[in-house]
Amino acid sequence: MTDVLDKDFEKITLKKIGAYFGAEVSGADLSGEFDDVTFSEIHQAFVENEVLVFRDLIISTDDQIRFGQMFGELTVHPFSPNSDKIPELIIFDNKEDNPPFGTDVWHSDETFRQCPPLGTCLRALDVPEVGGDTVFASMTAAYQGLSDRMKNFISGLEAIHDFKPFKQLFDDDDEGRRELQRFELMYPPVTHPIVRTHPVTGNKSIYVNPQFTIRVIGMNEIESRSLLTDLFDLAKIPEYQYRHHWYNKTMVLWDNRSVQHYAVHDYWPKRRQMERVTMEGDRPFSSEENVIPDALKSRKSPQPIGANVNHGGHSPKRQFVRDLD
Ligand code: SIN
């Protein structure tokens, strides 16, 4: 049995690297311009395999940028360490005096945006021999592993995403609070379907993540937290994962519409230097019917916490109401 994927590709060769998803690409020269056939084969391999690995690349930052641009406009991350000269380029140069921040949590990139990026391309410049892996989880596999009952239960639900982890980057003084407010106006919380339909493959995947997803619409806080915790935990199931160990000159391209990732921070304080570009995506949609909150209520869910429940006037007043009297 061979692990070369049996695809009718003319320009590239694909080797399977994970049981469910992930493939290594060889045969493509990514330095300089490349032809449409090569790009369309890489694009097909990308959406079908969700994570693509390119090894032993002798390419420049400009080549990486050009490669990213073939998939779409590059985005500028509002909170990441971006290059001064090229704001679309994120530079992770983590070392003793610059510990990594915020990537050791399961996430899909920037889901706090209305249109989160379709993909991310990360290239290793100087990585430690041991540690510093990136773990990917196929949320398509996670969805497919659910029981029909669970698929039915989450069908049509939506959740709110927010840039909450980055709020701690703002100073706790007047100026910091003003700045934070400015960003909150630019990036208000957004709603995405919990089951996302991939715009190219039509595959369904779980589209909530512990970094940015804060609440299921139409559920009370306890229900929302418990459903989200169960869905977040799916990324931790080893069968749905591919763990990537980095070597210098390796580049990984992942599909944010169908995978989540977790950067393992076990290498610090050793140095790990990477460059990243992120490609603009479209607004997530679901091919499932939306469940509006009233429809949820008719499924007899308990009243949301904080809802104006009338207990017949016998319950004691709450403190904030007393303070208003
Ligand atoms: C990221 O979340 O984009 C960073 C991934 C990594 O550093 O491995």
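Just so we're clear, the structure is a prediction, and the values are computed from it rather than from any experiment.
If you look at F183 and F170, their ring centroids are closer than 6.0 Å.
Side chain of T250 to main chain of Y247: a donor-acceptor pair is present (N/O by atom type, distance under 3.5 Å, no hydrogens or angles). In this structure a side-chain-to-backbone donor-acceptor pair under 3.5 Å is present from S224 to V216. Judged by distance alone, the side chain of R272 and the main-chain N or O of N94 form no donor-acceptor pair under 3.5 Å. Without hydrogens or angle criteria, Q168 side chain to P165 main chain gives a donor-acceptor distance under 3.5 Å. No donor-acceptor pair under 3.5 Å is formed between the side chain of E48 and the backbone N or O of A45. A donor-acceptor pair under 3.5 Å links the side-chain atoms of K16 to the main chain of A19, judged by distance alone. The backbone N or O of T191 sits nowhere less than 3.5 Å from a side-chain atom of Q114 that would complete a donor-acceptor pair. Judged by distance alone, the side chain of N49 and the main-chain N or O of V51 form no donor-acceptor pair under 3.5 Å. Looking at Q64, its side chain does come within 3.5 Å of a backbone N or O of C121 through a donor-acceptor pair. Checked by atom type and distance alone, the side chain of H43 never pairs as donor or acceptor with a backbone atom of E41 at under 3.5 Å.
Looking only at atom types and distance, the side chain of H198 has no donor-acceptor partner in the side chain of N203 under 3.5 Å away. No side-chain donor from either of D109 and H77 sits under 3.5 Å from a side-chain acceptor of the other. With no hydrogens or angles considered, no side-chain donor-acceptor pair links S80 and N82 at under 3.5 Å. For the 3.5 Å distance criterion, the side chains of T140 and S205 fail to qualify, holding no donor opposite an acceptor. A donor atom on one side chain and an acceptor atom on the other are not found under 3.5 Å apart for S155 and N152.
Between W254 and H261, the ring-plane angle classifies as tilted under the 30° and 60° cut-offs. Relative ring orientation between F163 and F79 is described as parallel, the plane-to-plane angle staying below 30° on a 0-90° scale split at 30° and 60°.
Atom CZ of R123 is separated from atom CZ of R276 by 14.5 Å, given to the nearest 0.5 angstrom. Between atom CG of residue N209 and atom OH of residue Y262 there is a gap of 13.5 Å, rounded to the nearest 0.5 Å.
The 12-atom threshold is not exceeded at CD of E73, counting heavy atoms of other residues, nucleotides or ligands nearer than 6.0 Å. Residue-environment remark: CG (D84) stays at or below the threshold of 12 foreign heavy atoms within 6.0 Å. D173 CG: more than 12 foreign heavy atoms inside a 6.0 Å radius.
Taking the ring axis of F166 as reference, the NZ or CZ atom of K164 does not stay both within 45° of it and closer than 6.0 Å to the ring centre.
Hydrophobic cluster of Y207: no remaining members, since no ILVMFWY side chain lies below 4.5 Å from it.
Among all heavy-atom pairs drawn from R257 and F46, the shortest one is NH2-CE2, 3.7 Å. Among all heavy-atom pairs drawn from N248 and V127, the shortest one is OD1-N, 2.8 Å.
For the ring pair (Phe, Tyr, Trp, His ring centres under 6.0 Å) with F212, the lone residue among F112, Y187, F232 that qualifies is F112.
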| Test log, rule side chain to side chain contact (heavy atoms under 4.5 Å, CB included), inputs E110 and T278 | CA-CA 10 Å; E110 303 166 48; T278 315; 3.7 Å; yes

| query | Where do Y20 and F136 land on the ring pair (Phe, Tyr, Trp, His ring centres under 6.0 Å) test, with the steps shown first? | reply | CA-CA 11 Å; Y20 185 86; F136 295 93; over 10 Å; no

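A salt bridge links D93 and R271; the closest N-O separation between the charged side-chain nitrogens and carboxylate oxygens is under 4.0 Å.
Residues Y267 and V264 do not share a hydrophobic cluster, defined by chaining ILVMFWY side chains whose heavy atoms lie under 4.5 Å apart.
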